[in-house]
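Just follow the structure's listing: the first ligand is 1, and inside any ligand the first atom is 1.
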Amino acid sequence: MNVRLGEFLRPHNTLSLQAQARAFVTVFSDEELLTALHWARSRKISVLPLGEGSNVVFVGDVNALVLRQATRSIKLLKKSTDRVTLRVAAGENWHELVRWTLQKGYYGLENLAFIPGTVGAAPIQNIGAYGVEFQSILKQVHARQIVDDAPVALDNASCRFSYRNSIFKRELNAQLVITSVDIELSLSPCVNITYPALARFFQEHPRIEPTPDAVYDAVVGIRRSKLPDPSREPNAGSFFKNPLVNAALASTLLHRYPELPSYPQRDGSVKLSAAWMIDNCGWKGVRRDKLGVHPQHALVLVNYGSDSGEHVLALADDIAVSVDRNFGVKLEIEPVVYGAGS
Ligand code: FAD
Ligand code: NAP
């Protein structure tokens, strides 16, 4: 185990923000994880688990042991006539897992292709795309408590998943290092192409049969064409969540702005398109402080050479204020902020 003091974090976050960690370690096994937790505990240093840094904003130096999970393994736990259960280590790359499962004929992850990051981070915000969320395939999350190494297992219900949220972002925030997840996939092809962008793709390509492989290819193709590649245009994906508002506010807004995309939810709330409101406020393509709102994707903030996470949050704040002023809707940011006041 190689603990590095004062590690610079720019290579460890896709927004390419500069910050220094008090200490940094990459762990390749559960034994190394326990050694690292013990190292931090014996020095009274807090621990910040990190995957590939694709959903974090560093606004200052991080007074913690930043612990990068790099454990790799995929184990077959159970196979029946129609389902398979896998245990996947936290350090596996999410997209590689999606590809691997498809090659094996295990179905269910196609819509979640090409999402950056590690498997261990997937439960944190219940990653989702194209009408599918991580919660639909999760059986169990395995973790270690940072405070005393105790192993913890949470079943699906205990994770309290919701839209881009889970118990790991709320009650258990900063308490666990996720070590692996058990996921259950289908052995028979079952595709979900109800999401408008996917439905449109298969309408426009009637000769392509919507097999799991074709859905995977479509998702990867659409994402490649729409989303900026963090290695060329540093970003953290969607910076804002789509707001969920009550039906009364949605109805008032839709009366005034009939073109505002809205999606009624099962619980009676209505999801509104944050991107549409941000665009309507004139932010798409705006550049400021070496930062910008992506010209094709209003939810994505791009770093064109800034070091400062503070400036990123200031831009996000100004965007949120103008959406609130024009629509009476409060936007929440999606990435997790570190380094403030430490
Ligand atoms: P990090 O950014 O390293 O960490 C995120 C949070 O998880 C932090 O709080 C961290 O402490 C915690 N964490 C990470 N690993 C562990 C662990 N092992 N144990 C405990 N806590 C941990 N998200 C979506 O939901 N859908 C999308 O379609 C999507 N598209 C994206 C596109 C782009 C271009 C980018 C840059 C991001 C996108 N994201 C999307 C966001 C991001 O990919 C996901 O949130 C992803 O799960 C983050 O993984 P990571 O390993 O990079 O986590
Ligand atoms: P899009 O297809 O242009 O759709 C725009 C927005 O409308 C999305 O945010 C989506 O919400 C919402 N939406 C569309 N149809 C919906 C439906 N039937 N029910 C509920 N909501 C609906 O979106 P995009 O920006 O290109 O992204 C495509 C997918 O990848 C989306 O699912 C998006 O969430 C995901 N993505 C996420 C990130 C991230 O960092 N979190 C980054 C890029 C893409 P949802 O976001 O809830 O799906």
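- At a 4.0 Å heavy-atom cut-off, ligand 1 touches Ile178 through backbone and side chain alike.
- Counting heavy atoms only, Pro196 comes closest to atom 18 (N) of ligand 2 of the residues Pro228, Ser54, Pro196.
- For Leu227, every heavy-atom contact with ligand 2 shorter than 4.0 Å involves the side chain, none the backbone.
- The side chain of Leu48, and not its backbone, has at least one atom closer than 4.0 Å to an atom of ligand 1 (non-hydrogen atoms only; side chain from C-beta on).
- For atom 7 (O) of ligand 2, the choice among Phe239, Tyr163, Phe240, Tyr263 with the nearest heavy atom turns out to be Tyr263.
- Ring orientation note: the planes of Phe327 and Tyr257 are tilted relative to one another, at an angle of 30° to 60°.
- Of the heavy atoms in Phe239, none comes closer than 4.0 Å to ligand 1.
- Using a 4.0 Å cut-off between heavy atoms, Ser238 contacts ligand 2 through both its backbone and its side chain.
- Remark: ligand 1 atoms within the under-4.0 Å shell around heavy atoms of Gly117 are 49 (O), 50 (P), 51 (O), 52 (O).
- Counting only heavy atoms of the protein, atom 8 (C) of ligand 2 lies nearest to Tyr195 OH, 3.3 Å.
- Proximity of Ser238 to ligand 1, defined as any heavy-atom pair under 4.0 Å, is not found for any part of the residue.
- Listed by atom number, the atoms of ligand 1 under 4.0 Å from Gln69 heavy atoms are 18 (N).
- Heavy-atom proximity to Gly237, at under 4.0 Å, picks out these atoms of ligand 2: 40 (O).
- The backbone N or O of Glu7 lies less than 3.5 Å from no partner atom in the side chain of Arg22, so there is not a single donor-acceptor pair.
- The OG atom of Ser225 lies 10.0 Å from the CD atom of Gln296; values are rounded to the nearest 0.5 Å.
- Listed by atom number, the atoms of ligand 1 under 4.0 Å from Leu176 heavy atoms are 20 (C).
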Please lay out, stage by stage, how Leu86 and Leu185 fare under the test side-chain contact (heavy atoms from CB on, under 4.5 Å).
CA-CA 8 Å; Leu86 305 172; Leu185 301 174; 4.1 Å; yes

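- Looking only at protein heavy atoms, the nearest one to atom 50 (P) of ligand 1 is Glu52 N, 3.5 Å.
- Considering backbone and side-chain N/O atoms, Ser273 never comes within less than 3.5 Å of an N/O atom of ligand 2.
- With sequence neighbours excluded, the residues that form a ring pair (Phe, Tyr, Trp, His ring centres under 6.0 Å) with Phe201 are His205.
- With a heavy-atom cut-off of 4.0 Å, Val336 touches ligand 1 through its side chain alone.
- A distance of 9.0 Å separates CG of Asn242 from CG of Leu331, quoted to the nearest 0.5 Å.
- Closest to atom 36 (N) of ligand 2 among all protein heavy atoms lies Arg223 NH1, 4.1 Å.
- Nearest-residue assignment for atom 46 (C) of ligand 1 (options Gly120, Pro116, Ala143; heavy-atom criterion): Pro116.
- With distances taken over non-hydrogen atoms, the option nearest atom 47 (O) of ligand 2 out of Gln296, Arg164, Lys271 is Lys271.
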Apply side chain to side chain donor-acceptor pair (under 3.5 Å) to residues Ser269 and Asp267 and explain how you reach the verdict. CA-CA 6 Å; Ser269 66; Asp267 64 3; 2.6 Å; yes

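- Some N or O of Thr118 is nearer than 3.5 Å to an N or O of ligand 1, by distance alone.
- Note: the hydrophobic cluster containing Leu102 does not contain Phe202 (ILVMFWY, side chain heavy atoms under 4.5 Å, direct or indirect links).
- Atoms of ligand 1 lying under 4.0 Å from at least one heavy atom of Tyr338, given by number and element, are 8 (C), 9 (O), 10 (C), 11 (O).
- With a 4.0 Å heavy-atom cut-off, ligand 2 is reached by the backbone of Tyr130 and by its side chain too.
- At a heavy-atom cutoff of 4.0 Å, ligand 1 is contacted by no atom of Lys169, backbone or side chain.
- Tyr216 and His95 have parallel rings, their planes meeting at less than 30° on a 0 to 90° scale where 60° marks the start of perpendicular.
- Close approach of ligand 1 to Arg223 is summarised as follows: ligand atoms under 4.0 Å from at least one heavy atom of the residue are 27 (C), 28 (O), 29 (C), 30 (N), 31 (C), 32 (C).
- When the options Gly237, Ala90, Gly53 are ranked by their closest heavy atom to atom 1 (P) of ligand 1, first place goes to Gly53.
- Every residue two or more places apart in sequence or in another chain that forms a salt bridge (Lys or Arg N to Asp or Glu O under 4.0 Å) with Asp182 is listed here: Arg87.
- Contacts with ligand 2 closer than 4.0 Å are made by side-chain heavy atoms of Asn242 only, the backbone lying farther away.
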**Q.** Pair Tyr338-Val57, side-chain contact (heavy atoms from CB on, under 4.5 Å): steps then yes or no
**A.** CA-CA 6 Å; Tyr338 292 110; Val57 183; over 6 Å; no

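- Taking every non-hydrogen atom of Gly128 and a distance limit under 4.0 Å, the qualifying atoms of ligand 1 come out as 24 (C), 25 (O), 26 (N), 27 (C), 28 (O).
- Here the straight-line distance linking atom CG of Asn235 with atom CG of Asp229 works out to 8.5 Å at 0.5 Å rounding.
- Annotation: Phe58 is not in aromatic contact with His12 [ring centroid separation under 6.0 Å not met].
- Less than 4.0 angstrom separates some heavy atom of Asn235 from each of these atoms of ligand 1: 34 (C), 36 (C).
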